[in-house]
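Residue numbers start from 1 in every chain, and the chains themselves are labelled A, B, ... in the order their sequence lines are given, proteins ahead of strands.
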There are 2 protein chains.
Amino acid sequence: MKKLLKIFKALSDKNRVRILLMLTKKKLCVCEIQDILGITVSTVSKHLSILRDVEFINDEKDGKWVNYSLNTASKDIVLNQIMLILPFYLNDDELIKSDFEKVNTVCRKNLCNI
Amino acid sequence: MKKLLKIFKALSDKNRVRILLMLTKKKLCVCEIQDILGITVSTVSKHLSILRDVEFINDEKDGKWVNYSLNTASKDIVLNQIMLILPFYLNDDELIKSDFEKVNTVCRKNLCNI
DNA sequence: TGTTAATTTCGCTATTAGACGAAATGACAA
DNA sequence: TTGTCATTTCGTCTAATAGCGAAATTAACA
């Protein structure tokens, strides 16, 4: 029950749902997600830790970046069903479509002054 | 998106999940649900209005009582999938099993001094 | 019509959650 | 090793939410 409630709480925030949908397109680092959501890095990091806590996403070190990706190996039935339904449900959402466009053009190299 | 977030918010409270599971067994009035949850009637009523708002449940007048039941006619894919998954997921939860026993023995006639 | 009983709404309090900026951490590069 | 940059953690503020009791509402019935 506790786990289930954590899953639903994780899903009950707009920015966290947006992050999950973005990650269906490709792996992203914190600063890329921040650029798309338009909120501070610390807040993004908090959201990511909540999503990671319920095993919706995985993190993976890549130099000084941390890449986040969907956890596609979960055995949790709720997690899996929801990740099947979400894209279907939000296909036509204007905000999500706009996020998808940004995901395609977001460039870590421009964001971070390398 | 707004609707989806409302659905997940509705599901992110323990007592509301308990109510949904109880209603898989039979229709219940507010005072019966109150007796099982052990919280005040006004709080139960609030939870029910939240569940009704996202169309998880229906209300139906029956004399001076209001019977609440699951809405099995929803076309919302998230709602339907979740109601399929919930019982499966919480089958073995001790609290839910205890609620189920109480649902079987709860008696409106004893609760309300008729 | 007036009373009683079930339910809902209202006002309040305590806790939780999201947001921010600043400070701390960790990893690469000079 | 020292500096830089991405990320995380911490402290604080504000908004939202679950809980309660009391008042309002609604429906049956005397």
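In this model, the phosphate group of D/dT17 is not approached by any side-chain N or O of B/H47 to a distance below 4.0 Å at OP1 or OP2. Side-chain nitrogen and oxygen atoms of A/Y68 include none within less than 4.0 Å of the OP1 or OP2 phosphate oxygen of D/dA6. Listed pair B/T43 / D/dG19 fails the phosphate criterion, with no side-chain N or O lying under 4.0 Å from OP1 or OP2. The phosphate of C/dA19 (OP1 or OP2) has a side-chain N or O of A/N15 nearer than 4.0 angstrom.
Taking atom NZ on B/K14 and atom P on C/dT15, their separation rounds to 16 Å, with Å as the unit. Rounded to whole angstrom, the span from the NZ atom of B/K46 across to the C1' atom of C/dC10 amounts to 11 Å. Rounded to an integer number of Å, the gap from B/E32 CD to C/dT7 C1' is 14 Å. Remark: P of D/dT26 and CG of B/D59 are 14 Å apart, rounded to the nearest angstrom. Taking atom CD1 of B/I19 as the reference point, atom P of D/dA18 lies 11 Å away to the nearest angstrom. Distance, A/K9 NZ to D/dT17 P: 11 Å, rounded to whole Å. With rounding to whole Å, A/Q34 atom CD is found 12 Å from D/dT8 atom P. Rounded to whole Å, atom P of C/dT7 lies 13 Å from atom CD of B/E60.
The CG atom of A/L79 sits 7.0 Å away from atom CG of A/N71, with the distance rounded to the nearest 0.5 Å. Note that CG of B/N67 is 12.0 Å distant from NZ of B/K61, once rounded to the nearest 0.5 Å. Rounding to the nearest 0.5 angstrom, the gap separating the OG1 atom in A/T105 from the CZ atom in A/F100 is 13.5 Å. Once rounded to the nearest 0.5 Å, the distance linking CG of A/L37 with CZ of A/R18 reads 5.0 Å.
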Give the intermediate values and the outcome of side-chain hydrogen bond (donor to acceptor under 3.5 Å, both in side chains) for residues A/T40 and A/T43.
CA-CA 5 Å; A/T40 64; A/T43 304; 2.9 Å; yes
Where do A/I33 and A/V106 land on the side chain to side chain contact (heavy atoms under 4.5 Å, CB included) test, with the steps shown first?
CA-CA 9 Å; A/I33 295 171; A/V106 78; over 6 Å; no
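Of the candidate nucleotides D/dA18, C/dT8, D/dT7, C/dT8 has the atom nearest to the side chain of B/V41. With distances taken from any side-chain atom of A/C29 to the nucleotides C/dC20, D/dT7, C/dG18, the minimum falls on D/dT7. When distances are taken from the side chain of B/K64 to each of C/dA6, C/dG18, D/dT7, the shortest belongs to C/dA6. Taking every side-chain heavy atom of B/K61 into account, D/dT26 is the closest of D/dT26, C/dG18, C/dA19.
A donor-acceptor contact under 3.5 Å is formed by the side chain of B/S42 with the base of D/dG21.
Non-hydrogen atoms lying under 4.0 Å from DNA chain D are contributed by B/I50, all within residues 49-58 of chain B. Of the residues in residues 94-103 of chain A, not one places a heavy atom less than 4.0 Å from an atom of DNA chain C.
Counting non-hydrogen atoms under 4.0 angstrom, B/V30 reaches the backbone sugars and phosphates but no base.
Under 4.0 Å is where a charged nitrogen must lie from a carboxylate oxygen, and between A/D92 and A/K97 no such pair does.
In this structure A/K46 satisfies the side chain to side chain donor-acceptor pair (under 3.5 Å) test with no other residue, sequence neighbours excluded.
The residue from B/R52, B/E60, B/E32 that alone fulfils the side chain to side chain donor-acceptor pair (under 3.5 Å) condition with B/Y68 is B/R52.
Across every non-hydrogen atom of A/N80 and A/S74, the tightest pair is ND2-O, 2.9 Å.
For the pair B/L48 and A/S12, both in contact range of DNA chain C, the more 5′-proximal nearest nucleotide belongs to B/L48.
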